[in-house]
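The structure appears below as structure tokens.
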2 protein chains.
Amino acid sequence: MSTETPDPPGARASERPDGPSRRARGRATMKDVARLAGVGIKTVSRVVNREPGVSTAMSARVDAAVRELGYRPDAGASALRRADGRSSAIGVVVDDVANPFSGAVLRAVEEVAIGHGTVVLAGSADEDGPREREVAQAFTDRRVDGLIVAPTGQADDHLADELRRGLPVVLVDRDAPGLPVDQVLSTNELGAAAAVTHLTDAGHRRVAYLGDLSTISTARRRFDGYRQALIDVGLGVDDRLVVADLHGEASAEGAAVHLLQLPPEQRPTALFCAQNRITVGAVRALRSLGLAHDVAMVGFDDFPLADLLSPGVTVVAQDPGLIGTEAARALFARIDGSRRPPRTVWVPTTLVRRGSGEIRPPQGR
Amino acid sequence: MSTETPDPPGARASERPDGPSRRARGRATMKDVARLAGVGIKTVSRVVNREPGVSTAMSARVDAAVRELGYRPDAGASALRRADGRSSAIGVVVDDVANPFSGAVLRAVEEVAIGHGTVVLAGSADEDGPREREVAQAFTDRRVDGLIVAPTGQADDHLADELRRGLPVVLVDRDAPGLPVDQVLSTNELGAAAAVTHLTDAGHRRVAYLGDLSTISTARRRFDGYRQALIDVGLGVDDRLVVADLHGEASAEGAAVHLLQLPPEQRPTALFCAQNRITVGAVRALRSLGLAHDVAMVGFDDFPLADLLSPGVTVVAQDPGLIGTEAARALFARIDGSRRPPRTVWVPTTLVRRGSGEIRPPQGR
DNA sequence: CTGAAAGCGCTAACAA
DNA sequence: TTGTTAGCGCTTTCAG
């Protein structure tokens with residue numbers, strides 16, 4: 001300590017010619033690089049950003065200094081000053097990052113984002129409107145360049161606010177009718193109708209509906225598809241066979257057990273499960289009642305190992321990877337300045353026959 | 001256009017007294033709030049950050065202006081100037097956000113992060129060392145306060161660099177021996193040994209090992225547990241029954257088929273699958289050969305629906321949620337300044353008996 | 001082709 | 001209690 005020459009009064013550490021500034025948490029700054037290379041700070045900026053018009057000699061000196069100091073530009077400071085203000089970060093708000101559907105969407109978004117030199121902030125809304133807003137707000141507070149949201153359906157106003165401010169937003173999986181926003185959606189209604197038609201084609205006349213929270217737009221669309229398909233073949237909706245507002249496997253299992261214990265004349269011969277957790281709950285119910293090979297079932301949304309159960313579970317598969325990819329593409333188009341009118345991209349669903357959906361109704365009914 | 005009074009030369013839009021600056025991409029700034037409230041900018045800063053020593057009258061005026069303008073602070077600009085430089089963002093690099101294990105870790109981290117007012121940058125390394133480094137670097141370029149990483153095992157040097165610079169880092173799932181870093185790990189060796197012992201206790205003497213890339217530290221640990229358990233009961237490792245460096249379901253299925261088609265005297269009577277995708281591949285192999293009820297199997301790491309297969313798949317379950325929670329806690333302790341020596345938290349595994357692991361070896365052998 | 005000065009939105013240090 | 005000034009690390013503007 002005492003052996004070192006004290007700084008002259010007024011000299012701040014960051015301006016000592018003999019050592020780099022270390023204010024930036026152990027990181028070298030552009031100023032440090034400039035000093036080491038013996039050039040102006042703007043030249044460093046040019047080299048780092050690969051702007052044209054720098055002599056190769058300068059360029060080489062700067063690059064050497066960059067390497068020596070392990071310099072990395074501060075993306076935040078850069079965004080602050082930059083004319084377009086871009087942070088090269090986007091936010092993704094899904095239902096639950098731990099859910100395989102959401103995870104696949106997130107992963108696909110990540111791939112596209114990487115190609116744009118952009119990082120992904122990820123958050124879970126958990127079917128909770130206020131949480132959706134808080135997560136999205138935490139992201140916009142960090143000045144993300146855009147937002148991809150699977151809306152809960154309970155907090156569409158904050159999305160409207162962000163759109164009004166000009167923030168690029170793309171909705172995935174669930175729609176928000178009335179908002180002027182790009183959306184990437186599965187063909188929920190068509191897919192549900194295909195599932196139900198598949199069952200009625202096999203002769204089923206009592207097809208039950210098991211669906212989740214009707215605040216969720218996909219739940220409503222899938223129910224619409226179910227109803228329309230029944231009407232189209234001359235069957236109406238029997239309200240006793242409809243259970244909505246389920247949440248999670250356990251409640252679905254309970255509801256399915258209840259339906260399967262109705263008197264024989266009312267009992268459904270087939271189940272349409274409008275969401276993957278509900279499908280799994282229904283599988284458990286069928287197992288526990290020993291009916292897995294007797295009552296038909298088609299689920300909406302595929303899940304791992306559906307083919308390894310017995311019977312295999314017939315599903316209307318979505319394509320979460322494609323949903324994520326399309327959403328990210330649409331978002332970056334907006335970020336890059338596109339002023340097209342908002343557009344909805346429909347991602348098709350596919351009926352995957354595995355056995356459970358091909359079970360015929362009991363003879364003579 | 002022509003009806004508006006043109007700005008006097010030299011007057012910049014941001015300094016017009018009659019309108020808020022809109023440079024910040026449609027957002028009001030602190031300056032705008034200050035002007036509207038008729039106070040100094042520092043007072044706004046105090047109110048926004050809930051610093052003490054502001055009169056209630058001022059506070060109310062500022063709050064009103066904040067609401068009227070829809071003002072939200074710029075977290076990036078704040079971090080830039082703030083003494084501690086905190087961005088209130090952390091980065092999480094897992095193998096693949098679409099994988100259920102990683103998703104559960106990520107979700108648990110998110111919960112803890114929310115409690116600290118912190119957002120999560122998420123990225124997938126995809127068993128690729130260079131990609132791991134790039135993703136982590138993209139995060140540190142945004143000045144994250146810390147990093148949670150499931151290391152590929154191929155790029156430990158960049159982690160060492162970050163640690164040296166003083167960036168808080170916590171490793172999850174996989175260890176990096178020799179690095180002075182907090183780690184949160186499953187008891188891989190113990191768990192694998194428990195799985196194998198469970199099989200040998202049932203009388204199996206030829207237990208095969210199916211494992212993934214041995215660059216991954218968990219694969220090595222699990223193999224060690226397998227070997228030790230065999231040695232402990234007086235059985236050695238039969239190299240013909242060991243297949244490592246598998247990647248993905250398909251290669252695991254192929255390897256299992258090969259093992260199960262060995263001549264009867266060499267054929268394994270039980271399989272130990274060291275990773276969940278490998279377990280699923282092995283299930284497919286057993287199914288296709290009609291041996292699912294004849295050859296025993298225990299998998300490492302649980303997966304959804306394992307209990308619904310027949311037989312149910314016996315596994316050594318990990319607790320990814322707890323791993324994520326502990327990792328986040330450890331990280332925030334570091335971020336909050338803890339200087340404890342690096343510590344490893346061991347998260348226990350649990351043997352879950354479901355049927356496949358309780359199959360006995362053929363009589364008389 | 002290069003660099004000095006200004007300032008992005010905010011907070012720290014200091015003054016009033 | 002309140003406001004003013006400087007400056008975080010960077011890019012923009014503009015002068016050499």
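Throughout, protein chains are lettered first and strands after them, A, B, ... in sequence-line order, and every chain is numbered starting at 1.
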Phosphate OP1/OP2 of D:dT2: any B:T43 side-chain N/O under 4.0 Å: no
Any pair counted as ring pair (Phe, Tyr, Trp, His ring centres under 6.0 Å), so long as it reaches residues 131-175 of chain B, sequence neighbours left out: none
Contacting residues from residues 44-57 of chain A, given that a heavy atom lies under 4.0 angstrom of DNA chain D: A:S45, A:N49
Among D:dG7, C:dA4, C:dA12, the one nearest B:R81 by side-chain distance: D:dG7
Going by atom type alone, with no hydrogens or angles, which donor-acceptor pairs under 3.5 Å involve a side-chain atom of residues 105-120 of chain A and a protein atom two or more places apart or on another chain?
residue: A:R107; atom: NE; partner: A:E111; partner atom: OE2; Å: 2.8
residue: A:R107; atom: NH1; partner: B:D96; partner atom: OD1; Å: 2.8
residue: A:R107; atom: NH2; partner: A:E111; partner atom: OE2; Å: 3.1
residue: A:R107; atom: NH2; partner: B:D126; partner atom: OD2; Å: 3.1
residue: A:E110; atom: OE1; partner: B:S124; partner atom: N; Å: 3.3
residue: A:E110; atom: OE1; partner: B:S124; partner atom: OG; Å: 2.7
residue: A:E110; atom: OE2; partner: B:S124; partner atom: N; Å: 2.6
residue: A:E110; atom: OE2; partner: B:R131; partner atom: NH2; Å: 2.8
residue: A:E111; atom: OE1; partner: B:R131; partner atom: NH1; Å: 3.1
residue: A:E111; atom: OE2; partner: B:R131; partner atom: NH1; Å: 3.2
residue: A:E111; atom: OE2; partner: B:R131; partner atom: NH2; Å: 2.8
residue: A:T118; atom: OG1; partner: A:H116; partner atom: O; Å: 3.0

Spacing between A:R143 atom CZ and D:dG9 atom P, to the nearest angstrom: 20 Å
Rounded interatomic separation in angstrom, taking CG from B:D141 and P from D:dC10: 10 Å
Below 3.5 Å, can you tabulate the donor-acceptor pairs from side chains in residues 72-80 of chain A to any protein atom, sequence neighbours excluded?
residue: A:R72; atom: NH1; partner: B:Q137; partner atom: OE1; Å: 3.3
residue: A:R72; atom: NH1; partner: B:D141; partner atom: OD1; Å: 3.1
residue: A:R72; atom: NH1; partner: B:D141; partner atom: OD2; Å: 2.6
residue: A:D74; atom: OD1; partner: A:G76; partner atom: N; Å: 2.8
residue: A:D74; atom: OD1; partner: A:A77; partner atom: N; Å: 2.9
residue: A:D74; atom: OD2; partner: B:R143; partner atom: NE; Å: 3.3
residue: A:S78; atom: OG; partner: A:R82; partner atom: NH1; Å: 2.8

Separation of atom CD1 in A:I41 from atom C1' in C:dA6, rounded to whole Å: 12 Å
Nearest to side-chain heavy atoms of B:T29, which nucleotide of D:dC8, C:dC8, C:dC10: C:dC10
Between C:dC10 (P) and A:D74 (CG): distance, integer Å: 16 Å
Divergence of helical axes at both termini of the helix from C:dC1-D:dG16 to C:dA16-D:dT1 - five pairs an end, 10° steps: 40°
Residues A:V345, A:Q183; criterion side chain to side chain contact (heavy atoms under 4.5 Å, CB included); working and verdict: CA-CA 6 Å; A:V345 176; A:Q183 311 188 96; over 6 Å; no
Side chain of B:M58 - closest among D:dT12, C:dC10, D:dT2: D:dT2
Heavy-atom closest contact (B:V39 atom, B:M58 atom, distance): CG1-SD, 3.6 Å
For atom CG of B:D84 and atom P of C:dT11, their distance in whole Å: 11 Å
Between D:dC10 (P) and A:R72 (CZ): distance, integer Å: 12 Å
Nearest-nucleotide 5' precedence on DNA chain D, B:L80 against B:G40: B:G40
Between P of C:dC14 and NZ of B:K42, the distance in whole Å: 13 Å
Pairwise distance OG1(A:T152) to CD(A:E132) - rounded to 0.5 angstrom: 4.0 Å
Residues that B:R174 engages under side-chain hydrogen bond (donor to acceptor under 3.5 Å, both in side chains), provided they are two or more places apart: B:E127
Length of the line joining B:K31:NZ and D:dG3:C1', which is rounded to integer Å: 15 Å
A:L167 side chain near A:T140 side chain, heavy-atom distance below 4.5 Å: yes
Among A:R329, A:R334, A:R343, the one residue meeting side-chain hydrogen bond (donor to acceptor under 3.5 Å, both in side chains) with A:D182: A:R334
